[in-house]
There are 2 protein chains.
Amino acid sequence: MNADKRKRLEAAGWKVGTVQEFLNLNDADMEYIETKLALTKAVKLQRKRKNLTQVALAECMKTSQSRVAKIEKGDPTVSVDLILRALFALGATRKELANAI
Amino acid sequence: MNADKRKRLEAAGWKVGTVQEFLNLNDADMEYIETKLALTKAVKLQRKRKNLTQVALAECMKTSQSRVAKIEKGDPTVSVDLILRALFALGATRKELANAI
DNA sequence: TGACTATATGCCAGAAATGGCATAGCATGG
DNA sequence: CCATGCTATGCCATTTCTGGCATATAGTCA
């Protein structure tokens, strides 16, 4: 956003800022969220690469298709632990994990 | 263990194998555990580097000293999510996280 | 020795994540 | 059009994790 537009908006009573500011996220929160997002993308990518369905992956890691869907969609009820279990079930190594982050 | 000793043990009725086999861990489990362990080590290292006490780190990440102790000791009731929060609270970046894994 | 600081361990009520199920959406091919 | 295969979403009982507190242990210094 250029300074001009910003001025006009603020003159009209708008608060201008980033999403991060709006949500009161600090750097640690941001890193955490971005890491999680990167991991979910890695899961989807690896699963597709192996031509597995969500059901198949779910069986591998002894969970349900709905959980796998939520993992890949970045559902907030999914922990990093579960995402890692998915990645490793897909045969990822620690090195590959590190690259994905 | 050399083949000789193995034979002698088995002749005497012992089962010979790795810890991994004994605990029925597959490769995915192993990678997961090792990753978690690497992360806990990174937390301890970074905290020491910054000369923080467990209490100080606990305040940073809005948890308790006992949790921090458990993180660093690899307590099984600690999730990877919490470990990551600790690392990021210590100012680690995603890149540093990747290196730690 | 005793006081002090840091870390470790046990416990538990409350909070969050999980698996499982149902079902809805959405392509693609017949 | 309807099947069929795959993915998405909602719900909820059970399981797991968390924060907080108490207390124990270990190290250091006076």
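Each chain gets a letter, A, B and so on, in the order the sequences are listed, and its residues count up from 1.
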Note to self: Tell me the interatomic distance from A:Glu59, atom CD, to D:dT7, atom P, rounded to whole angstroms.
What the structure shows: 13 Å

Margin query: Any base atoms under 4.0 Å from B:Ser64, or only sugar-phosphate, or nothing? Heavy atoms, all strands.
Written below: base

Margin query: Treating A:Glu31 as the side-chain partner and B:Phe88 as the backbone partner, does any N or O pair qualify as donor plus acceptor under 3.5 Å?
Written below: no

Notebook entry, point to check: Atom NZ of B:Lys62 to atom P of D:dG20: distance rounded to whole Å?
Noted result: 11 Å

Check: Any donor-acceptor pair under 3.5 Å between the side chain of A:Gln65 and the base of D:dA8?
Finding: yes

Notebook entry, point to check: So, A:Asp81 side chain and B:Ser79 main chain: donor-acceptor pair closer than 3.5 Å or not?
Noted result: no

Next item on the list: Find the distance B:Asp75:CG to D:dT16:P and express it as a whole number of Å.
Entry: 15 Å

Checklist line | Whole angstrom value for the distance that separates C1' of D:dC17 from CG of B:Asp81 | finding: 10 Å

Next item on the list: Counting heavy atoms from C-beta on, name the nucleotide in D:dT9, D:dT7, D:dG19 closest to the side chain of B:Thr63.
Entry: D:dG19

Margin query: What's the angle between the local helix axes at either end of the helix from C:dT1-D:dA30 to C:dG30-D:dC1, using five pairs per end and rounding to 10 degrees?
Written below: 30°

Checklist line | Distance, nearest 0.5 Å, that separates NZ of A:Lys73 from NZ of A:Lys44 | finding: 5.5 Å

Next item on the list: For the pair A:Leu82 and A:Met61, evaluate side chain to side chain contact (heavy atoms under 4.5 Å, CB included) and give the outcome as yes or no after the intermediate values.
Entry: CA-CA 9 Å; A:Leu82 194 66; A:Met61 52 186 293; 4.0 Å; yes

Item checked: 5' precedence on DNA chain D between A:Ala69 and B:Met61 (nearest-nucleotide basis) -> A:Ala69

Check: Is A:Lys73 touching bases, backbone alone, or none of the nucleic acid, heavy atoms closer than 4.0 Å?
Finding: sugar-phosphate

Notebook entry, point to check: DNA chain D: A:Glu72 or A:Arg67, which has the more 5' nearest nucleotide?
Noted result: A:Glu72

Item checked: Under 3.5 Å: donor-acceptor pair, side chain of A:Glu96, backbone of A:Thr93 -> yes

Next item on the list: Return the value, rounded to whole Å, for the distance between atom CG of B:Leu82 and atom P of D:dT18.
Entry: 5 Å

Next item on the list: Please state how far atom CZ in B:Arg85 lies from atom C1' in D:dG19, giving the value in whole angstrom units.
Entry: 10 Å

Check: Taking any atom under 4.0 angstrom from a heavy atom of chain B, which nucleotides of DNA chain C are the first and last to qualify, 5' to 3'?
Finding: C:dA6 to C:dC11

Check: Within the structure shown, what part of the strands sits under 4.0 Å from B:Val78 by heavy-atom distance: base, sugar-phosphate, or nothing?
Finding: sugar-phosphate

Check: Do A:Arg47 side-chain atoms and A:Leu90 backbone N/O form a donor-acceptor pair below 3.5 Å?
Finding: no

Check: Which residue, B:Lys48 or B:Lys70, contacts DNA chain C at a nucleotide closer to its 5' end, judged by nearest heavy atom?
Finding: B:Lys48

Next item on the list: May I ask you to check whether B:Gln54 and B:Glu72 show a side-chain donor-acceptor distance below 3.5 Å?
Entry: yes

Notebook entry, point to check: Taking all non-hydrogen atoms of both residues, which atom of A:Ala42 and which atom of A:Ala100 are closest, and how far apart?
Noted result: CB-CB, 3.8 Å

Notebook entry, point to check: Short question: side chain of B:Lys48, backbone of B:Thr53 - any donor-acceptor pair under 3.5 Å?
Noted result: no

